[in-house]
Amino acid sequence: MEEKSEKNKEIETSNFIRNIIDDDLESGKHTKIITRFPPEPNGYLHIGHAKSICLNFGIARDYKGQCHLRFDDTNPAKEETEYVESIMEDVHWLGFDWGENLFYASDYFQQLYDYAELLIKNGKAYICELSQEEIRATRGTLTEPGTNSPYRDRSIEENLDLFRRMKAGEFEEGAYSLRAKIDMASPFICMRDPVMYRIKYVHHHRTGDEWCIYPMYDYTHCLSDSIEAITHSLCTLEFENNRPLYDWFINELPVKHKPRQIEFARLNLSYTVMSKRLLLDLVKSNVVNGWDDPRMPTIAGMRRRGYTPQSIRDFADRIGVAKANSMVDFDLLQFCVREDLNLNANRVMVVLDPLEIVIENYPEDKVEYLEAENNPENPNAGNRYIPFSKRIYIEREDFMEQAPRKWFRLSPNSEIRLKHAYYITCKEVIKDKDGNITQLICTYDPESRGGWSKDGRKVKGTSHWVCKDHAIDVDIRLYDHLFTVPDPMIVPEGKDYKYHLNPDSLNIIQSKAEPSLKEAKIGDKFQFLRQGYFSVDYDSIPEKPVFNRIVGLKDTWAKEAKK
RNA sequence: UGGGUAGUCGCCAAGUGGUAAGGCAACGGGUUUUGGUUCCGUCAUCCGUAGGUUCGAAUCCUGCCUACCCAGCCA
């Protein structure tokens with residue numbers, strides 16, 4: 001399904017990071033490019049991570065280098081095996097493979113510890129007894145320098161002894177920390193003697209209870225990159241401030257490789273939120289039904305919704321990579337799925353909101369099987385046969401008693417084509433006592449079988465339909481944006497991001513589908529003719545398939561009708 | 001207010017001194033048994049702003065404005 005659309009597309013991928021890599025290759029600084037995707041296993045991956053994954057693995061692929069998957073697991077209090085499994089699944093699903101290069105920062109705990117002792121021996125790190133609050137208080141502010149810790153000038157021997165006893169579990173959490181000795185007056189606040197190690201009596205998902213001291217991100221990340229010989233360490237903009245510290249550790253230690261950190265802007269998508277904290281909150285507060293709720297911007301959610309890996313990769317290519325903060329239109333993502341699915345999803349007829357039609361001049365017990373192409377964009381998709389008889393359903397919104405200007409669907413005495421079937425003309429409108437339309441009486445033209453007429457008369461409107469006696473019942477889940485505004489983070493004073501939650505982000509309806517959909521399997525994707533693209537949800541049961549709407553078709557009539 | 005970044009079409013984004021790519025969206029039109037697809041066309045005399053250098057600047061220099069990030073023993 002994917003290969004076909006992949007080859008007729010050639011997005012020229014050029015960005016400032018690739019330019020740097022090109023220069024490094026040309027100058028001979030590097031001969032092989034190694035990148036890495038370094039998630040912390042404390043939550044599910046989202047579309048923002050997909051951007052990073054496509055960037056890192058994409059570069060490795062294009063430069064014939066390699067991209068490592070490395071779990072940044074230095075804070076056991078937040079990390080779980082469940083997350084590492086979901087992350088691996090999502091990266092694979094997106095179409096990338098790290099091969100042998102699966103790593104964990106925790107693999108380097110011993111090496112990192114040895115490096116720390118070396119820093120102590122070189123007089124570049126010390127054991128501090130200040131409490132967390134005291135450290136904060138002596139750090140200074142954005143405009144004022146901090147003050148030196150009273151423990152800053154301990155002897156190397158004492159520092160070493162204390163550090164070893166920290167590791168041995170002799171002290172309580174928070175009683176001691178290992179700090180780099182840099183500069184309490186640095187305008188880079190992260191350089192004001194940052195904490196390198198803290199004591200935590202917490203079980204680690206991989207190292208168990210082997211360690212009770214854990215290294216901090218700034219200390220761990222640069223050295224992990226170095227150990228793996230990463231050439232270009234790509235991260236998001238908020239780490240720009242940390243780069244001096246990244247370089248400091250690399251330069252103070254006798255490392256073989258000195259990776260270069262390069263920062264790019266993280267992805268923001270309109271009508272959704274992207275922070276792990278907020279996504280976790282949506283899950284915990286049951287606003288959505290779990291991490292893979294189809295409204296979530298998580299990879300798992302998008303997969304369940306029906307987005308294809310190809311469409312997400314294409315999206316990542318199209319949004320580009322730069323240093324300016326930005327918010328991408330959700331429209332672009334929708335364009336990418338439609339483009340993929342238009343080529344690859346078979347067409348099928350489903351009447352979302354059924355209105356019964358009785359064809360008065362059609363024989364009572366006759367059933368015909370009409371041939372229908374599965375995908376006009378792909379002749380290889382073949383044909384199928386759809387039953388047709390006297391009673392059928394059409395879409396309720398395809399009929400209007402008082403037709404507006406430019407309306408070319410059904411209305412009293414007008415003629416339309418039933419896709420793949422016949423021309424019908426509306427003769428009578430049946431209503432209940434409240435005036436609601438309950439049924440339409442129509443006639444059909446037996447000469448128009450297949451949807452053509454010999455006299456070549458123009459029938460502008462074409463409706464989809466299903467045969468009443470053969471239709472199957474299906475549940476349809478119509479999804480819309482989780483939020484009603486492009487930027488949910490802009491809220492009135494005193495409100496939080498939930499202020500803009502869309503109360504109509506999910507609508508479940510019962511519909512009638514053509515019988516072929518009985519065979520649909522979980523994850524199958526279809527275009528419901530004239531409606532949109534839908535994917536079979538895993539909540540389906542044999543008696544009742546459940547479809548998620550991935551995205552609607554472009555609807556220029558809806559636009560016209562608004563005028 | 002210290003430091004770090006960024007400001008090119010409604011939204012992304014190329015461009016790196018030689019006179020504004022491309023995509024999405026939008027708009028107009030042709031084709032069409034999906035008001036889908038597809039096709040054709042329109043869409044920045046102008047690059048946050050004010051000066052300066054230059055034959056020539058979005059690209060170099062200076063000032064100013066705006067936005068984002070940094071004061072976790074989170075990442």
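Note on naming: letters A, B, ... go to the chains in the order of the sequence lines (proteins, then strands), and numbering restarts at 1 for each one.
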Using a heavy-atom cut-off of 4.0 Å across all strands, would you classify [X] as base, sugar-phosphate, or nothing?
| X | value |
| --- | --- |
| A:His464 | nothing |
| A:Met216 | sugar-phosphate |
| A:Gln132 | base |
| A:Lys406 | base |
| A:Ser463 | nothing |
| A:Tyr214 | nothing |

Checking base pairs now: Watson-Crick or wobble, both atom distances under 3.5 Å. What partners [N]?
| N | value |
| --- | --- |
| B:rG2 | B:rC70 |
| B:rU53 | none |
| B:rC9 | none |
| B:rU38 | B:rG30 |
| B:rC46 | none |

Would you check if the distance from the ring center of A:Tyr422 to the ring center of A:Phe388 is below 6.0 Å?
yes

Between A:Pro376 and A:Ser326, just flag the one whose closest nucleotide in RNA chain B comes earlier from the 5' side.
A:Ser326

Want to settle it: does A:Arg449 or A:Glu129 sit nearer the 5' end of RNA chain B, counting the closest nucleotide to each?
A:Arg449

More than 12 non-hydrogen atoms from neighbouring residues, nucleotides or ligands closer than 6.0 Å to CZ on A:Arg266, yes or no?
no

Take atom CD of A:Glu26 as the centre, draw a 6.0 Å sphere, and report whether it contains more than 12 heavy atoms from other residues, nucleotides or ligands.
no

Would you say [X] places a side-chain N or O within less than 4.0 Å of OP1 or OP2 belonging to [N]?
| X | N | value |
| --- | --- | --- |
| A:Arg318 | B:rA14 | no |
| A:Lys458 | B:rU32 | no |
| A:Arg139 | B:rG72 | yes |
| A:Arg192 | B:rA71 | no |

